[in-house]
Amino acid sequence: MVRRIIKSEIRKNYLFNKYVIITPGRTSRPRDIKEETVIKRTSVCPFCSENSHKKNIIDQIDTNGKWNVECINNIFPAVTLHNDQAYGQQEVIIETKHHSKELANLDAGHIENVLRMYARRTKVISQNKNIDYVLCFKNQGSKAGASIVHAHSQVFATKVLPPDIQEEIALVQAYQTKHGSCVYCDILKKELKTSRKIYEDKFIAAIAPYASEYHYEAWIFTKRHLDNITLLNAQEFKSFAKVYKLILNKLHALDLSFNGFLHQVVSNRKQHFYMKIQPRASVWAGVELGSGMVINSMSPEEAAAYYRTK
Ligand SMILES: [Zn+2]
Ligand SMILES: [Zn+2]
(Lines give C-alpha, C1' and ligand atoms only; values in the text may rest on other atoms or scores of the structure.)
(Ligands and ions follow the chains in the order given, each with its own letter.)
Protein backbone atom coordinates (compact mmCIF):
# COMPACT_ATOMS: atom_id res chain seq x y z
CA MET A 1 0.00 0.00 0.00
CA VAL A 2 1.38 3.40 -0.96
CA ARG A 3 0.87 5.97 1.69
CA ARG A 4 -0.66 8.93 -0.15
CA ILE A 5 0.28 12.32 1.21
CA ILE A 6 -2.81 14.48 1.11
CA LYS A 7 -1.68 17.54 3.04
CA SER A 8 1.73 19.21 2.79
CA GLU A 9 4.34 17.85 5.16
CA ILE A 10 7.60 19.36 6.38
CA ARG A 11 10.32 16.72 6.60
CA LYS A 12 13.85 16.91 7.95
CA ASN A 13 16.84 15.39 6.21
CA TYR A 14 18.16 12.18 7.83
CA LEU A 15 21.37 13.90 8.85
CA PHE A 16 21.63 17.53 7.83
CA ASN A 17 19.72 20.37 9.38
CA LYS A 18 17.80 20.76 6.12
CA TYR A 19 14.06 20.71 5.49
CA VAL A 20 11.80 19.84 2.59
CA ILE A 21 8.12 20.63 2.17
CA ILE A 22 6.43 17.74 0.42
CA THR A 23 3.39 19.23 -1.33
CA PRO A 24 1.56 16.64 -3.40
CA GLY A 25 -0.74 17.99 -6.06
CA ARG A 26 1.39 20.93 -7.09
CA THR A 27 2.59 19.07 -10.20
CA SER A 28 -0.84 19.74 -11.67
CA ARG A 29 -0.46 23.52 -11.26
CA PRO A 30 -0.98 25.44 -14.51
CA ARG A 31 2.21 26.15 -16.43
CA ASP A 32 2.74 28.63 -19.22
CA ILE A 33 6.40 28.05 -19.79
CA LYS A 34 7.31 25.08 -21.93
CA GLU A 35 10.38 23.09 -20.98
CA GLU A 36 13.05 22.01 -23.41
CA THR A 37 15.25 19.09 -22.45
CA VAL A 38 16.73 18.27 -25.84
CA ILE A 39 20.34 19.24 -26.43
CA LYS A 40 20.88 20.09 -30.08
CA ARG A 41 24.08 19.03 -31.77
CA THR A 42 25.73 22.21 -32.91
CA SER A 43 29.37 21.30 -33.44
CA VAL A 44 31.77 18.40 -33.89
CA CYS A 45 31.36 15.91 -31.02
CA PRO A 46 34.63 15.62 -29.06
CA PHE A 47 33.57 12.23 -27.63
CA CYS A 48 33.07 10.44 -30.96
CA SER A 49 36.08 8.21 -31.75
CA GLU A 50 36.87 9.95 -35.03
CA ASN A 51 37.37 13.27 -33.25
CA SER A 52 39.23 12.16 -30.13
CA HIS A 53 43.01 12.32 -29.81
CA LYS A 54 44.77 9.10 -28.91
CA LYS A 55 47.12 10.93 -26.56
CA ASN A 56 44.13 11.93 -24.43
CA ILE A 57 43.03 8.36 -23.72
CA ILE A 58 43.71 7.27 -20.14
CA ASP A 59 41.91 3.93 -19.77
CA GLN A 60 39.57 1.62 -21.68
CA ILE A 61 37.34 -1.32 -20.81
CA ASP A 62 36.95 -3.74 -23.71
CA THR A 63 34.32 -6.26 -24.71
CA ASN A 64 35.15 -8.69 -27.50
CA GLY A 65 38.38 -6.85 -28.25
CA LYS A 66 36.74 -3.43 -28.73
CA TRP A 67 36.46 -0.71 -26.16
CA ASN A 68 33.00 0.09 -24.89
CA VAL A 69 33.84 2.44 -22.03
CA GLU A 70 36.73 4.87 -22.36
CA CYS A 71 38.28 7.40 -20.02
CA ILE A 72 39.96 10.53 -21.42
CA ASN A 73 41.46 13.72 -20.02
CA ASN A 74 39.02 16.57 -19.58
CA ILE A 75 40.36 19.13 -22.04
CA PHE A 76 38.69 22.05 -20.27
CA PRO A 77 39.52 21.31 -16.62
CA ALA A 78 38.78 23.70 -13.75
CA VAL A 79 41.47 22.01 -11.62
CA THR A 80 44.76 20.40 -12.75
CA LEU A 81 47.81 18.67 -11.27
CA HIS A 82 49.94 21.58 -12.50
CA ASN A 83 48.13 24.35 -10.66
CA ASP A 84 48.85 24.78 -6.94
CA GLN A 85 46.11 27.39 -6.70
CA ALA A 86 43.46 24.95 -7.97
CA TYR A 87 45.00 21.49 -7.60
CA GLY A 88 43.09 18.47 -8.79
CA GLN A 89 42.31 16.17 -11.66
CA GLN A 90 39.39 15.99 -14.09
CA GLU A 91 38.56 13.21 -16.50
CA VAL A 92 35.68 12.27 -18.80
CA ILE A 93 34.29 8.75 -19.04
CA ILE A 94 32.75 8.11 -22.46
CA GLU A 95 30.05 5.56 -21.76
CA THR A 96 29.57 4.24 -25.30
CA LYS A 97 31.00 4.58 -28.81
CA HIS A 98 27.54 5.42 -30.12
CA HIS A 99 26.88 9.12 -30.35
CA SER A 100 23.15 9.05 -29.78
CA LYS A 101 22.69 6.23 -27.27
CA GLU A 102 21.78 7.17 -23.73
CA LEU A 103 23.09 5.26 -20.72
CA ALA A 104 19.54 3.89 -20.30
CA ASN A 105 19.75 2.35 -23.80
CA LEU A 106 22.77 0.23 -22.85
CA ASP A 107 22.42 -3.25 -21.37
CA ALA A 108 23.14 -3.92 -17.69
CA GLY A 109 26.52 -5.50 -18.50
CA HIS A 110 27.63 -2.34 -20.28
CA ILE A 111 26.35 -0.13 -17.45
CA GLU A 112 28.35 -2.35 -15.09
CA ASN A 113 31.46 -1.45 -17.11
CA VAL A 114 30.72 2.25 -16.57
CA LEU A 115 30.57 1.59 -12.81
CA ARG A 116 33.77 -0.45 -13.01
CA MET A 117 35.44 2.49 -14.74
CA TYR A 118 34.33 4.71 -11.81
CA ALA A 119 36.05 2.20 -9.53
CA ARG A 120 39.22 2.01 -11.63
CA ARG A 121 39.62 5.77 -11.81
CA THR A 122 38.85 6.20 -8.09
CA LYS A 123 41.55 3.62 -7.29
CA VAL A 124 44.22 5.19 -9.50
CA ILE A 125 43.51 8.83 -8.62
CA SER A 126 43.28 8.22 -4.87
CA GLN A 127 46.83 6.81 -4.91
CA ASN A 128 47.98 10.42 -5.27
CA LYS A 129 48.53 11.46 -1.64
CA ASN A 130 47.74 15.07 -2.49
CA ILE A 131 44.19 14.16 -3.56
CA ASP A 132 41.65 13.93 -0.77
CA TYR A 133 38.42 13.65 -2.67
CA VAL A 134 37.28 11.80 -5.82
CA LEU A 135 33.82 12.54 -7.18
CA CYS A 136 32.34 10.44 -10.00
CA PHE A 137 29.22 11.99 -11.47
CA LYS A 138 26.94 12.18 -14.45
CA ASN A 139 24.87 15.04 -15.86
CA GLN A 140 22.16 13.80 -18.18
CA GLY A 141 20.12 16.32 -20.14
CA SER A 142 20.35 20.08 -20.47
CA LYS A 143 18.45 20.79 -17.24
CA ALA A 144 21.12 18.82 -15.38
CA GLY A 145 23.88 20.93 -16.89
CA ALA A 146 25.02 18.57 -19.64
CA SER A 147 26.52 20.40 -22.57
CA ILE A 148 27.38 17.46 -24.83
CA VAL A 149 24.77 14.90 -25.86
CA HIS A 150 27.19 11.92 -26.26
CA ALA A 151 26.69 9.76 -23.12
CA HIS A 152 29.43 10.46 -20.60
CA SER A 153 30.29 10.77 -16.94
CA GLN A 154 32.98 12.83 -15.26
CA VAL A 155 35.58 12.41 -12.57
CA PHE A 156 36.45 15.42 -10.44
CA ALA A 157 39.19 15.04 -7.86
CA THR A 158 40.56 17.71 -5.55
CA LYS A 159 43.05 18.35 -2.80
CA VAL A 160 40.35 19.92 -0.67
CA LEU A 161 37.58 17.90 0.87
CA PRO A 162 34.49 20.03 0.04
CA PRO A 163 32.70 21.49 3.11
CA ASP A 164 29.43 19.63 2.43
CA ILE A 165 31.31 16.33 2.38
CA GLN A 166 33.23 17.25 5.53
CA GLU A 167 29.94 18.02 7.24
CA GLU A 168 28.41 14.72 6.17
CA ILE A 169 31.48 12.80 7.39
CA ALA A 170 31.27 14.59 10.75
CA LEU A 171 27.54 13.87 11.10
CA VAL A 172 28.05 10.18 10.25
CA GLN A 173 30.84 10.03 12.82
CA ALA A 174 28.77 11.77 15.48
CA TYR A 175 25.94 9.27 14.92
CA GLN A 176 28.42 6.39 15.19
CA THR A 177 29.71 7.72 18.51
CA LYS A 178 26.20 8.18 19.89
CA HIS A 179 24.54 4.98 18.63
CA GLY A 180 27.46 2.67 17.97
CA SER A 181 26.29 1.98 14.42
CA CYS A 182 26.40 3.40 10.87
CA VAL A 183 23.60 5.85 10.20
CA TYR A 184 23.13 4.66 6.61
CA CYS A 185 23.03 0.98 7.62
CA ASP A 186 20.32 1.98 10.12
CA ILE A 187 18.43 4.13 7.57
CA LEU A 188 18.44 1.22 5.11
CA LYS A 189 17.12 -1.25 7.68
CA LYS A 190 14.28 1.12 8.46
CA GLU A 191 13.46 2.43 4.99
CA LEU A 192 13.35 -1.00 3.35
CA LYS A 193 10.29 -1.73 5.49
CA THR A 194 8.44 1.35 4.20
CA SER A 195 6.75 2.32 0.94
CA ARG A 196 9.90 4.29 0.08
CA LYS A 197 11.69 1.07 -0.89
CA ILE A 198 12.48 0.93 -4.62
CA TYR A 199 14.48 -2.28 -4.89
CA GLU A 200 16.27 -4.84 -2.74
CA ASP A 201 18.29 -7.98 -3.32
CA LYS A 202 21.02 -9.73 -1.33
CA PHE A 203 23.69 -7.18 -2.26
CA ILE A 204 22.12 -3.83 -3.16
CA ALA A 205 19.14 -1.73 -2.10
CA ALA A 206 17.55 1.45 -3.43
CA ILE A 207 15.21 3.87 -1.71
CA ALA A 208 13.46 7.17 -2.34
CA PRO A 209 14.76 9.21 0.62
CA TYR A 210 12.26 10.39 3.27
CA ALA A 211 13.03 14.08 2.71
CA SER A 212 13.59 13.91 -1.07
CA GLU A 213 14.54 17.28 -2.51
CA TYR A 214 13.88 16.29 -6.11
CA HIS A 215 11.03 14.55 -7.93
CA TYR A 216 11.87 10.84 -8.25
CA GLU A 217 15.07 11.20 -6.20
CA ALA A 218 16.65 7.77 -5.67
CA TRP A 219 19.60 6.52 -3.62
CA ILE A 220 21.37 3.22 -4.27
CA PHE A 221 23.36 1.54 -1.48
CA THR A 222 25.53 -1.52 -1.10
CA LYS A 223 24.13 -3.62 1.72
CA ARG A 224 27.65 -4.31 2.89
CA HIS A 225 29.11 -1.39 4.76
CA LEU A 226 31.82 -0.17 2.34
CA ASP A 227 33.31 3.30 2.10
CA ASN A 228 33.93 3.46 -1.64
CA ILE A 229 33.22 1.88 -5.02
CA THR A 230 36.64 0.21 -5.37
CA LEU A 231 35.61 -2.36 -2.74
CA LEU A 232 32.54 -3.75 -4.52
CA ASN A 233 32.72 -7.45 -5.41
CA ALA A 234 31.46 -8.98 -8.69
CA GLN A 235 27.96 -9.68 -7.38
CA GLU A 236 27.63 -6.16 -5.98
CA PHE A 237 28.69 -4.58 -9.28
CA LYS A 238 26.18 -6.74 -11.12
CA SER A 239 23.27 -5.93 -8.82
CA PHE A 240 24.24 -2.26 -8.71
CA ALA A 241 24.14 -2.07 -12.52
CA LYS A 242 20.79 -3.86 -12.56
CA VAL A 243 19.05 -1.42 -10.21
CA TYR A 244 20.78 1.60 -11.79
CA LYS A 245 19.44 0.48 -15.19
CA LEU A 246 15.95 0.04 -13.75
CA ILE A 247 16.04 3.63 -12.47
CA LEU A 248 17.55 4.96 -15.73
CA ASN A 249 14.80 3.28 -17.75
CA LYS A 250 12.11 4.84 -15.59
CA LEU A 251 13.65 8.32 -15.89
CA HIS A 252 14.09 7.84 -19.64
CA ALA A 253 10.36 7.04 -19.94
CA LEU A 254 9.60 10.41 -18.30
CA ASP A 255 12.27 12.21 -20.37
CA LEU A 256 13.81 13.67 -17.21
CA SER A 257 17.24 15.24 -16.96
CA PHE A 258 19.16 14.09 -13.89
CA ASN A 259 22.40 14.30 -11.96
CA GLY A 260 23.85 11.10 -10.55
CA PHE A 261 26.87 10.96 -8.27
CA LEU A 262 28.73 8.77 -5.83
CA HIS A 263 29.08 9.61 -2.18
CA GLN A 264 32.38 8.02 -1.30
CA VAL A 265 35.37 8.68 0.89
CA VAL A 266 38.42 6.58 0.24
CA SER A 267 39.82 4.97 3.41
CA ASN A 268 37.35 6.13 6.00
CA ARG A 269 35.74 2.92 7.16
CA LYS A 270 33.01 4.72 9.11
CA GLN A 271 31.53 6.14 5.89
CA HIS A 272 28.93 4.28 3.83
CA PHE A 273 29.20 4.38 0.04
CA TYR A 274 26.07 5.21 -1.97
CA MET A 275 24.88 6.78 -5.21
CA LYS A 276 22.42 9.66 -5.37
CA ILE A 277 20.24 10.20 -8.43
CA GLN A 278 18.57 13.59 -8.49
CA PRO A 279 16.23 14.22 -11.45
CA ARG A 280 15.70 17.81 -12.46
CA ALA A 281 11.97 18.00 -13.06
CA SER A 282 11.47 21.19 -11.11
CA VAL A 283 13.49 24.38 -11.02
CA TRP A 284 14.42 25.82 -7.64
CA ALA A 285 12.92 29.26 -7.35
CA GLY A 286 12.36 32.01 -4.77
CA VAL A 287 11.46 29.81 -1.79
CA GLU A 288 14.40 27.47 -2.30
CA LEU A 289 16.97 30.19 -2.98
CA GLY A 290 15.62 32.58 -0.36
CA SER A 291 14.85 30.24 2.55
CA GLY A 292 16.97 27.18 1.82
CA MET A 293 13.83 25.08 2.23
CA VAL A 294 12.88 23.02 -0.78
CA ILE A 295 9.35 22.49 -2.06
CA ASN A 296 8.93 19.06 -3.63
CA SER A 297 5.57 18.21 -5.16
CA MET A 298 6.42 14.54 -5.70
CA SER A 299 6.41 12.52 -2.50
CA PRO A 300 9.10 9.83 -2.23
CA GLU A 301 6.34 7.28 -1.55
CA GLU A 302 4.81 8.02 -4.97
CA ALA A 303 8.23 8.07 -6.62
CA ALA A 304 9.14 4.65 -5.16
CA ALA A 305 5.79 3.24 -6.29
CA TYR A 306 6.58 4.45 -9.82
CA TYR A 307 10.00 2.80 -9.77
CA ARG A 308 8.46 -0.46 -8.49
CA THR A 309 5.91 -0.71 -11.31
CA LYS A 310 6.73 -3.41 -13.86
ZN1 LIG B 1 29.65 11.80 -30.20
ZN1 LIG C 1 26.87 1.51 6.81
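The residues of the chain are indexed from 1 along the displayed sequence. Start at 1 and go down the list; that is how both ligands and their atoms are numbered.
For the Zn ion (ligand 2), the nearby protein N/O/S atoms, meaning those under 2.8 Å, are C182 SG, C185 SG, H225 ND1, H272 ND1.
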**Request:** Would you please test F273 and H263 for ring pair (Phe, Tyr, Trp, His ring centres under 6.0 Å) and show each step?
**Result:** CA-CA 6 Å; F273 160 73; H263 171 82; 8.7 Å; no
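Judged by the 6.0 Å and 45° rule, K18 forms a cation-pi pair with F16. Under the 6.0 Å distance and 45° angle rule, R11 does not count as a cation-pi partner of Y19. Judged by the 6.0 Å and 45° rule, K276 forms no cation-pi pair with F261. At least one test fails for K238 against the ring of F203: distance under 6.0 Å to the centre or angle within 45° of the axis.
Under the 3.5 Å distance criterion, the side-chain polar atoms of S212 are matched with a main-chain donor or acceptor of P209. A donor-acceptor pair is defined here as one N or O able to donate and one able to accept, closer than 3.5 Å; such a pair exists between the side chain of Y14 and the backbone of Y210.
Seen from the Zn ion (ligand 1), atom SG of C48 and atom ND1 of H150 lie 110° apart in angle, a value rounded to 10°.
Looking at H99 and the Zn ion (ligand 1) together, the shortest N, O or S contact belongs to ND1.
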